[in-house]
Amino acid sequence: MIWAVFAMGIANFFFHRSVMEGRGPVFAEIAQTLRRFGGGWGSYAVEFVILVGALWFARAGQSMILFFYGTYTALNIGSYLMLSRMNRD
């Protein structure tokens with residue numbers, strides 16, 4: 001269970017970085033907004049805290065964390081795909 005949460009965490013960081021470094025007006029606007037809070041690294045810190053919390057629950061044997069963190073990961077992926085599509089149009 002810990003490995004599954006860790007793999008989802010890697011995916012979350014990948015898509016977060018893709019949004020922060022993406023090309024196009026939509027990505028630039030979102031990255032600029034996120035940089036106002038924590039100088040660009042604040043959003044990565046929040047992502048890290050969420051991952052550590054999910055790993056903590058997984059280590060404690062709470063299997064529902066797979067559902068919750070999996071949903072969070074799916075929302076991150078969906079958001080990235082939606083923003084990518086907005087940049088094309």
Side-chain angles (χ1 to χ4, degrees):
M1 183 165 30
I2 290 177
W3 288 106
V5 171
F6 186 72
M8 287 187 278
I10 291 172
N12 284 328
F13 274 98
F14 173 78
F15 285 105
H16 185 89
R17 183 175 179 190
S18 296
V19 169
M20 293 296 285
E21 296 178 2
R23 297 174 193 246
V26 176
F27 287 126
E29 183 178 338
I30 290 173
Q32 180 182 10
T33 301
L34 290 175
R35 283 189 184 100
R36 283 188 223 150
F37 305 104
W41 292 102
S43 57
Y44 287 108
V46 170
E47 192 77 49
F48 181 73
V49 168
I50 292 170
L51 172 60
V52 168
L55 287 170
W56 183 65
F57 278 109
R59 185 171 185 270
Q62 300 292 327
S63 59
M64 281 301 290
I65 196 63
L66 290 175
F67 172 74
F68 288 120
Y69 200 61
T71 301
Y72 174 71
T73 302
L75 288 172
N76 277 342
I77 293 169
S79 298
Y80 171 76
L81 293 174
M82 181 185 69
L83 292 171
S84 301
R85 189 135 179 100
M86 288 173 67
N87 270 328
R88 279 192 240 145
D89 295 337

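Please read all numbers here as calculations on a predicted model, not as lab measurements.
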Nearest atoms (heavy-atom pairs only) where [X] meets [Y]:
X     : Y     : result
Leu66 : Ala4  : CD2-CB, 3.9 Å
Val5  : Ala58 : CG2-CB, 3.9 Å
Gln62 : Met1  : O-SD, 3.8 Å
Tyr69 : Gly9  : OH-CA, 3.4 Å

According to a hydrophobic-cluster definition based on side-chain heavy atoms being under 4.5 Å apart (Ile, Leu, Val, Met, Phe, Trp, Tyr only), do [X] and [Y] belong together?
X     : Y     : answer
Val52 : Val46 : yes
Phe15 : Met86 : yes
Phe14 : Val49 : no

Roughly how far, to the nearest 0.5 Å, is [atom2] of [Y] from [atom1] of [X]?
X     : Y     : atom1 : atom2 : value
Ile30 : Ser79 : CD1   : OG    : 8.5 Å
Phe13 : Met20 : CZ    : CE    : 12.0 Å
Ser18 : Asn76 : OG    : CG    : 10.5 Å
Trp41 : Phe48 : CH2   : CZ    : 13.0 Å
Ile77 : Tyr72 : CD1   : OH    : 11.5 Å
Met8  : Ile50 : CE    : CD1   : 13.0 Å

Is there side-chain contact between [X] and [Y], with at least one heavy-atom pair below 4.5 Å?
X     : Y     : value
Leu51 : Asn12 : no
Arg59 : Ile2  : yes
Tyr44 : Arg17 : yes

